[in-house]
Amino acid sequence: MRPGIALIGLAIPLLAGLWLACLELPAQAATTERIVVNRFSGVAIEGFDPVGYFVDGTAEQGTAEFEANMWGAVWRFRNEGNRASFLAHPEIYGPQFGGYDPADIARGVTVPGNPRFFVIAAQRLYLFSLEANRDAFAADPERFLYEVGKRWPALQDKLSQ
């Protein structure tokens, strides 16, 4: 198992809440969409429950029993409560930058994040394509987010609507 990292705010120490969560498997996602979805199923973030990262601190698969459609994607949840929370506040629970890796965005490219590599920083969910990207971001999120802020608008415009 590989660790996922949950951070509370951007306060130091940044590794205040470390949770084990990840298995090392590649993401199979389209990179022409504003939300990272499986190109075959239309399911966002490989069916992982976006609320579960916040509630349980782990990357957990949702089920087809608890689905919601939002932003042109199908989202899956572990239970009705998580589904309701997401629908009430998708801007909080949805992955930032549509699930694209912020470390790669900071370099000027859009690479889908792997839902098993995550950080919660400043009460927002970030997904990463590589464990090394996640670790670098966790060490200095403000630096990455500054670079992302400069590059994301242009990259987002290139993604299909």
Check whether [X] reaches the backbone of [Y] with its side chain - one donor and one acceptor, N or O, closer than 3.5 Å.
| X | Y | result |
| --- | --- | --- |
| D56 | T58 | no |
| D104 | V111 | no |
| W75 | M70 | yes |

Does Y93 have any ring pair (Phe, Tyr, Trp, His ring centres under 6.0 Å) partners at least two apart in sequence or in another chain, and if so, which?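 In terms of ring pair (Phe, Tyr, Trp, His ring centres under 6.0 Å), with neighbours along the sequence ignored, Y93 is linked to F54.
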If two hydrophobic side chains count as joined below 4.5 Å and joins carry through other members, does [X] share a cluster with [Y]?
| X | Y | value |
| --- | --- | --- |
| V43 | L127 | no |
| V51 | W71 | yes |
| F77 | V74 | no |
| F86 | F66 | yes |

Step by step, work out the side-chain contact (heavy atoms from CB on, under 4.5 Å) result for Y53 and V119. CA-CA 9 Å; Y53 292 102; V119 169; over 6 Å; no
Approximate separation, where rounding is to 0.5 Å, of [X] [atom1] and [Y] [atom2]:
| X | Y | atom1 | atom2 | answer |
| --- | --- | --- | --- | --- |
| L125 | F97 | CG | CZ | 11.5 Å |
| D135 | F128 | CG | CZ | 9.0 Å |
| L130 | N114 | CG | CG | 9.0 Å |

Taking side-chain contact (heavy atoms from CB on, under 4.5 Å) as the definition, give me every residue that meets it alongside Q61, ordered by chain and number, with sequence neighbours left out.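 For Q61 the side-chain contact (heavy atoms from CB on, under 4.5 Å) partners, ignoring immediate neighbours, are F48, R116.
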Which pair of heavy atoms, one from [X] and one from [Y], lies closest together, and at what distance?
| X | Y | value |
| --- | --- | --- |
| P95 | I45 | CG-CG2, 3.8 Å |
| V36 | P112 | CG1-CB, 3.7 Å |
| P102 | V148 | O-CG2, 3.2 Å |
| L87 | A68 | CD2-CB, 3.8 Å |
| V37 | A73 | CG1-CB, 3.5 Å |

Option from F118, F137, Y100 for which ring pair (Phe, Tyr, Trp, His ring centres under 6.0 Å) with Y126 holds: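 The passing option is F137.
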Taking only residues at least two apart or on different chains, which pairs with a member in residues 80-95 satisfy salt bridge (charged side-chain N to carboxylate O under 4.0 Å, His left out)?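 Of all non-adjacent pairs touching residues 80-95, those that pass salt bridge (charged side-chain N to carboxylate O under 4.0 Å, His left out) are E80-R83.
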Sorted by first residue and then second, give each salt bridge (charged side-chain N to carboxylate O under 4.0 Å, His left out) pair with at least one member in residues 58-73; sequence neighbours left out.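 Counting only pairs at least two positions apart or across chains, the salt bridge (charged side-chain N to carboxylate O under 4.0 Å, His left out) contacts touching residues 58-73 are E67-R76.
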Please identify each residue that fulfils side-chain hydrogen bond (donor to acceptor under 3.5 Å, both in side chains) with R151, with sequence neighbours left out.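 side-chain hydrogen bond (donor to acceptor under 3.5 Å, both in side chains) check on R151 returns E147.
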Return the set of residues passing side-chain hydrogen bond (donor to acceptor under 3.5 Å, both in side chains) with N82 (not counting sequence neighbours), or none when no residue passes.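 Listed in chain order: D49.
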Would you check if I105 and Q96 make a side-chain contact, meaning some heavy-atom pair closer than 4.5 Å?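 No; the side chains remain at least 4.5 Å from each other.
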